[in-house]
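Have a look at the structure below, then the notes.
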Amino acid sequence: MSAPAQFPSTATPAAKIVIAGAGPAAQALVAQLAAARFPGTVTVLSSRDDAPDDLMELAALPFVSVRFGQPASHIDAAARVVTTVDGMEFGYDQLVIATGSAPVDSPVDGAGRCLSYSTIDDAAKIGHAVKEVTRVLGRRPLGILVGTGPAAGQAEAVLRARGVRPVRTTARPAAVVPTLAGSVLPAAGVVFEDGSRMSGDLVVLAEDRTPRDDLAAAAGVKTAATGGIVVGRDFRTSVPGIWAVGDAAAFDGVRLGLLVASGSAAGVCAAELMAALSVGQLATAA
């Protein structure tokens, strides 16, 4: 990732950014704002009740407030207020929706043993896992790839580029076959409803996902016919003051997570946010 851009220092100290969502895209955006020394406040509305390390690191930043277990439930775009599921209200100057995506189908039994591919960011994780599997096996691994559509196509390219021989199946398995106890390899293949099996050294799930765009749609924000909050290259939505990043968004009808890495998207969005806030301050002063 390139060095964080230095943004104008004219952004008002009172500027308030609210981020609906606390996943990788939201975390990357906060990191970019921190690197730019954003002088206002950022409120992150998380659906998680627990406090994992990555979110605790965000909460430790002096200008950031993470509200655990308080996902956004309603947006009043005219008043620029977000309401959470418990009725807490947060005013904003700029709102970023980063609610991510959800799997279309229920998880495959044993999915926790698999590698997963849903966004470009997963390529690095798969690469690290493949390197370890290759080291243990001492040979080129055989991978079972489950899924259809763009995500599966990208996952296949990632596996091939890292030396894996992928065998792709569009039929959904009933369960993942675990390896023998004590093995460092998490999965040995998949089994289907009819009892047939596919065996390999690792399993990658790249199944269909749908953007979580209900919050935006209810606020009158334009969404794509195939799902996802419609954004431009600057990550602005159709409603002034509202932006979207990560897998909740869509560009040219494609989930944003399949097009742009979260770090790159966050860098551009942070710069645009700061510019918008600077323009807003100048307009107020005039």
Side-chain angles (χ1 to χ4, degrees), residues 11-12 14-30 32-33 38 40-49 55 58-59 63-102 209-251 253 255-257 262 265-266 268-277 279-281 283-284:
T12 172
K16 295 178 290 185
I17 295 175
V18 173
I19 303 176
Q27 293 169 31
L29 179 57
V30 172
Q32 288 286 341
L33 292 170
F38 172 59
T41 62
V42 175
T43 301
V44 179
L45 304 178
S46 173
S47 62
R48 300 187 61 160
D49 290 316
L55 293 186
L58 294 185
F63 71 103
V64 177
S65 172
V66 179
R67 301 294 179 136
F68 296 99
Q70 289 292 331
S73 63
H74 177 72
I75 299 169
D76 185 335
R80 297 206 175 193
V81 173
V82 180
T83 304
T84 70
V85 290
D86 286 348
M88 299 180 68
E89 295 185 345
F90 296 91
Y92 65 86
D93 294 301
Q94 304 293 328
L95 168 66
V96 182
I97 301 176
T99 44
S101 63
R209 299 182 67 88
T210 181
R212 292 189 174 103
D213 59 10
D214 292 351
L215 178 69
V221 178
K222 184 179 179 180
T223 57
T226 54
I229 305 163
V230 175
V231 296
R233 294 183 183 276
D234 55 5
F235 302 99
R236 293 176 188 264
T237 71
S238 62
V239 174
I242 300 181
W243 314 66
V245 294
D247 235 17
F251 180 80
R255 275 196 295 120
L256 196 62
S262 60
V268 174
C269 187
E272 294 290 343
L273 280 167
M274 294 293 288
L277 290 168
V279 170
Q281 183 195 36
T284 301

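Keep in mind that the numbers below use all heavy atoms, side chains included, and drop hydrogens, waters and symmetry copies.
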To the closest 0.5 Å, what do you measure between CG (D214) and OG (S73)? 12.5 Å
Quick one: does D93's side chain have a donor or acceptor within less than 3.5 Å of a partner on K16's backbone? yes
R212 versus T99, side-chain donor and acceptor atoms under 3.5 Å: no
Would you check if I229 and I242 make a side-chain contact, meaning some heavy-atom pair closer than 4.5 Å? no
Could you check whether any side-chain heavy atom of D76 comes within less than 4.5 Å of a side-chain heavy atom of T83, counting everything from C-beta outward? no
Are V221 and S238 close enough that some pair of their side-chain heavy atoms sits under 4.5 Å apart? yes
Can you confirm whether D247 sits close enough to R209 that some side-chain heavy atom of one is under 4.5 Å from a side-chain heavy atom of the other? yes
Which pair of non-hydrogen atoms, one from L45 and one from A72, has the smallest distance, and what is that distance? CD1-CB, 3.9 Å
Between Y92 and V18, what is the shortest heavy-atom contact and its length? CB-CG2, 3.7 Å
Working note: T84 + R67, criterion side-chain contact (heavy atoms from CB on, under 4.5 Å); need CA distance, chi angles, decisive distance, verdict. CA-CA 10 Å; T84 70; R67 301 294 179 136; over 6 Å; no
Restricting to non-hydrogen atoms, name the atom on F235 and the atom on L256 that form the minimum distance, rounded to 0.1 Å. CE2-CD2, 3.5 Å
Nearest 0.5 Å please: distance from the CG atom of L95 over to the CD1 atom of I19. 9.0 Å
Looking at side-chain heavy atoms only, is the closest gap between E272 and W243 below 4.5 Å? yes
Over all atoms of both residues, closest heavy-atom pair of A77 and V239: CB-CG1, 3.9 Å
Shortest non-hydrogen contact from G69 to D49? CA-OD1, 3.3 Å
Look at the side chain of Q27 and the backbone N and O of L55, then say whether any donor-acceptor pair between them is shorter than 3.5 Å. no
Which residues pass the side-chain contact (heavy atoms from CB on, under 4.5 Å) test with T226, not counting sequence neighbours? A224
In this structure, NE2 of H74 is separated from CG of L215 (nearest 0.5 Å) by 9.0 Å
Filter on salt bridge (charged side-chain N to carboxylate O under 4.0 Å, His left out), then keep only pairs touching residues 234-244, sequence neighbours left out; what's left? D234-R236
To the nearest 0.5 angstrom, please state how far the CG atom of L58 sits from the CZ atom of F63. 8.5 Å
If you define the side chain from C-beta out and look only at heavy atoms, does anything of F38 sit under 4.5 Å from Q32? no
Correct closest heavy-atom pair for R255 and P211 would be CG-CG, 3.7 Å
With side-chain contact (heavy atoms from CB on, under 4.5 Å) as the test, pick out the partner of V64 among I17, V44, T41, T43. V44
